[in-house]
There are 4 protein chains.
Amino acid sequence: MQRARTDDAKDERRQALLSAALEVFVEKSFAAARMDDIARAASLSKGTVYLYFSSKEDLFEAVLRNVALPKVEHIENLMRDAPSVGEALDGIGLFVPHLIRETALPRIIKLLISESGMFPEIVQSYREDVLDRLLGGVTGLLARAKAAGEIEVGDPALAARLVAAPIAFSALWSVVFETVPEARVDIDALMAMHVTHLKRALGVIEEVSA
Amino acid sequence: MQRARTDDAKDERRQALLSAALEVFVEKSFAAARMDDIARAASLSKGTVYLYFSSKEDLFEAVLRNVALPKVEHIENLMRDAPSVGEALDGIGLFVPHLIRETALPRIIKLLISESGMFPEIVQSYREDVLDRLLGGVTGLLARAKAAGEIEVGDPALAARLVAAPIAFSALWSVVFETVPEARVDIDALMAMHVTHLKRALGVIEEVSA
Amino acid sequence: MQRARTDDAKDERRQALLSAALEVFVEKSFAAARMDDIARAASLSKGTVYLYFSSKEDLFEAVLRNVALPKVEHIENLMRDAPSVGEALDGIGLFVPHLIRETALPRIIKLLISESGMFPEIVQSYREDVLDRLLGGVTGLLARAKAAGEIEVGDPALAARLVAAPIAFSALWSVVFETVPEARVDIDALMAMHVTHLKRALGVIEEVSA
Amino acid sequence: MQRARTDDAKDERRQALLSAALEVFVEKSFAAARMDDIARAASLSKGTVYLYFSSKEDLFEAVLRNVALPKVEHIENLMRDAPSVGEALDGIGLFVPHLIRETALPRIIKLLISESGMFPEIVQSYREDVLDRLLGGVTGLLARAKAAGEIEVGDPALAARLVAAPIAFSALWSVVFETVPEARVDIDALMAMHVTHLKRALGVIEEVSA
DNA sequence: CATGAATGAGTCTTCATTCAT
DNA sequence: GATGAATGAAGACTCATTCAT
């Protein structure tokens, strides 16, 4: 491998390592992942990894710190700025398939679940920093809509979980089972149905899109 | 430790080991679990484990083979024999909290997810033998109700996933996050809401219980 | 297994164990032999072995102490009492095939060789008590014959080794290689030739047997 | 330890390991030898051995594969090209003491004998590839000489064994018993006598060396 | 006496980490 | 900066030995 002299080149290499590490940690779990696997997945040698991360655990933490977090704010804003629950749900229905197919989200979720026993603090802080904020965004949206008489719902915090569950479920299903073609699920159709069901369940009146 | 002379005593010890192993595998993942941990969790010494299981992997497979499987038929039957979708859903709403709080289901799900990368065949066969059958049971129930004009729904197979998702979600949440009190969720309430939402979404007409 | 109440029954069991142990030690070496193998080869259970021998090493030593030793005196006497070198050699030629095919000698030799590194004292004392005496017997025979002008030979002690070598060679070959039929050697013919060669080499004048 | 960067340095280390392993296997037997012993004998650490050999068994097989084999052809040629049986035997008489004192042959023989029970295939293939060829070389020599009326002998294949036996005997004696000074044998004298005896036994007419 | 379940010391093997090149 | 050889701590597994039954 060439040497990375500039800071940019170093950042690039760091990113390559993080992304290789995510892949390998997800595939094998933290304990079973070998530094060598990760190094090779990033086309580097074992020793080089230690130039960028001080230990396997450090690398693991960096993986969780560096992915997906930017999205949180984005989604919080989407929830806050949505003109109506209906449109917010439509947005979710359209956005989630992309989230599942193209982003690291499913793998991050799987990793969090897998390592919750070994890294409880990391996982709890992830829950606080990411999951609670996302659920909080949806909760807020539903609470405002409920207050506005737009929807009919019990505890918005619980309802937010019902909104999130099929998303998490699909994300997990995709990483866990879809290595095999017969387990494949049509996520677009599933999410479309999820949104339809939610609207019916919440009593969202469908506005006619002119 | 006392010695297990009779076959019954040996079976008991086997069960104790399986249950200790499930605990440790769930907590640490297969790779990070030490046979010694498992042995001590069952109040045995390391060597004794090998009198009952020939290897760590054998023990792991036995753990998956020995739990939850009996329940599958039970639930399949429930779905098949349900007099109506509404009652079936009510049944689910009442049964699931028990399932999540009292049985190994949540831990098994977590384990399956965690080890899907390391034991793909085991995990896929579990999907076929357990998950597909459970989802198939719900799918059948919904398909029959749809044919009878009882409910309004698109593809029953997808809808079955929407039925299952909050159950899986809650199960996972309970093992992954509920080690910490502030992450606790009221599963009874959540499931009650889930059933309510489902009935509304599917257009189930609530019969008045005389 | 029945209990051995009488002393005779106990001795029998001891012998069975010694003979099973010889077999297993020869087949696998001391280190690789498992007490369980030996016990089962004697149709006993593992624990029972410890009623007769205090440890694996004790059993090993007993094996070497209890076999073949009686023969030594017998052979010493044969050598001492032989009326002539020719007849002594004839006796060897007739006796050795039996020794190799029917007695434990070949296995004992193999065992001594195998364990010479792990049990140097045992092996050296075996050499002194058995091998040196046997070689000494032959050496004495040759020395007397030389003194009597019966044969022509250099150092009788060296010549004794030339007498012994093909015997040891055949014994070893039989345990080491003759598990496979294509390695089989006609020991009677080989020993006959050995005796013929020895007589010619030593210049033994063949008396005509009336 | 210094690091072996070049292929040459690695080959050197491999050789050092093979030779350390031979020593330790011979001393203790395969089963009783610890990888750590071997590593230390080669001034390396335990882990390093596994950079060169994938397992203890792999190392063992490599030990047998890498020694003595070159000599076989050499000796085959000597036998084939010998101008006369007498000279061939003289050659053996002079060469064997070197073989026994300076080469790995005695240790290899001991190892083969010791491990014949645990590695029957390896040992049989060694017999075919090495011993049978060596014995075959001598057999051929004797058969040619017999056909030429040079010597008087029965079955040359058996006679070859009588040629080999004192060599094997001495080789074994040297590894097995000569750790102790009082067991030492004068191999040169023994071999000289062996050759003398063989010539007499075969009726080789001693040519006068001008 | 006989058994075989239980134990834990001992050994092979892996792999995170270091460091000479 | 990059490499991969070397290291040794850690963990799976075996088996001699003990001892409750």
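Below, read A as the first sequence line, B as the second, and so on, with proteins coming before strands; counting in each chain starts at 1.
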Novice: Taking only Watson-Crick and G-U wobble pairs with both distances under 3.5 Å, what dot-bracket line describes DNA chain E, where [ ] shows pairs that cross earlier ones and | shows pairs with another strand?
Specialist: .||||||||||||||||||||
Novice: Quick one: which of F:dA9, F:dA20, F:dA5 gets closest to the side chain of B:Arg5?
Specialist: F:dA20
Novice: Does B:Asn66 use its side chain to pair, donor to acceptor, with the backbone of B:Ala62 at less than 3.5 Å?
Specialist: yes
Novice: Can you find a side chain N or O atom of B:Lys46 that sits less than 4.0 Å from OP1 or OP2 on F:dC13?
Specialist: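 No, outside the criterion.
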Novice: Could you tell me how far apart A:Phe60 (CZ) and E:dA16 (P) are, to the nearest whole angstrom?
Specialist: 14 Å
Novice: Is it true that a side-chain atom of A:Gln124 and a backbone atom of B:Phe177 form a donor plus acceptor pair closer than 3.5 Å?
Specialist: yes
Novice: For a quick test of reading the model: is some side-chain N or O of B:Ser45 closer than 4.0 Å to OP1 or OP2 of E:dT7?
Specialist: yes
Novice: Test side chain to side chain contact (heavy atoms under 4.5 Å, CB included) on D:Leu22 and D:Leu18; report intermediate values, then the result.
Specialist: CA-CA 6 Å; D:Leu22 174 59; D:Leu18 286 171; over 6 Å; no
Novice: Where do A:Ile109 and A:Leu112 land on the side chain to side chain contact (heavy atoms under 4.5 Å, CB included) test, with the steps shown first?
Specialist: CA-CA 5 Å; A:Ile109 294 178; A:Leu112 280 175; 5.6 Å; no
Novice: So, using side chain to side chain donor-acceptor pair (under 3.5 Å) as the criterion, who are the partners of B:Asp36 when residues are at least two apart?
Specialist: B:Arg40
Novice: Taking only N and O in the side chain of A:Thr48, is any of them less than 4.0 Å away from OP1 or OP2 of F:dT3?
Specialist: yes
Novice: Between C1' on E:dG4 and CZ on C:Arg40, what's the gap in Å once rounded to a whole number?
Specialist: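 So the CZ-C1' distance, C:Arg40 to E:dG4, works out to 8 Å.
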Novice: Are the aromatic ring centres of B:Phe119 and B:Phe30 under 6.0 angstrom apart?
Specialist: yes
Novice: Near DNA chain E, which residues from residues 24-36 of chain D have a heavy atom under 4.0 Å away?
Specialist: D:Ala33, D:Arg34, D:Met35
Novice: Starting from P on F:dG8, measure out to CD1 on D:Ile38 and report it in whole angstrom.
Specialist: 17 Å
Novice: Figure out the CG/P separation between A:Leu17 and E:dA16, and round it to whole Å.
Specialist: 14 Å
Novice: Could you walk me through whether C:Leu111 and C:Phe60 satisfy the side chain to side chain contact (heavy atoms under 4.5 Å, CB included) test, starting with their C-alpha distance in whole Å, then the side-chain angles of each, then the deciding distance to 0.1 Å, before giving a yes or no?
Specialist: CA-CA 10 Å; C:Leu111 194 51; C:Phe60 179 74; 3.9 Å; yes
Novice: Can you pull the salt bridge (charged side-chain N to carboxylate O under 4.0 Å, His left out) pairs that have at least one residue in residues 41-62 of chain A, sequence neighbours excluded?
Specialist: none
Novice: Just the rounded figure in Å: distance from P of E:dA20 to CG of D:Leu44.
Specialist: 16 Å
Novice: Using atom NZ of B:Lys10 as one end and atom C1' of E:dG4 as the other, report the distance to the nearest whole Å.
Specialist: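 Distance, rounded to whole Å: 8 Å.
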Novice: Where along residues 50-58 of chain A does a heavy atom come under 4.0 Å from DNA chain E, residue by residue in number order?
Specialist: A:Tyr50, A:Ser55, A:Lys56
Novice: According to the salt bridge (charged side-chain N to carboxylate O under 4.0 Å, His left out) rule, which pairs have a member within residues 106-121 of chain D, sequence neighbours left out?
Specialist: D:Glu23-D:Arg107
Novice: If you measure from the Lys or Arg side-chain nitrogens to the Asp or Glu carboxylate oxygens, is any gap between A:Asp11 and A:Arg14 under 4.0 Å?
Specialist: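 Salt bridge absent between A:Asp11 and A:Arg14.
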Novice: Would you say A:Asp129's side chain and A:Tyr126's backbone share a donor-acceptor pair under 3.5 angstrom?
Specialist: no
Novice: Roughly how many Å is it from CZ in B:Arg3 to C1' in F:dA20, rounded to a whole number?
Specialist: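 Spelled out: CZ on B:Arg3 to C1' on F:dA20 is 5 Å.
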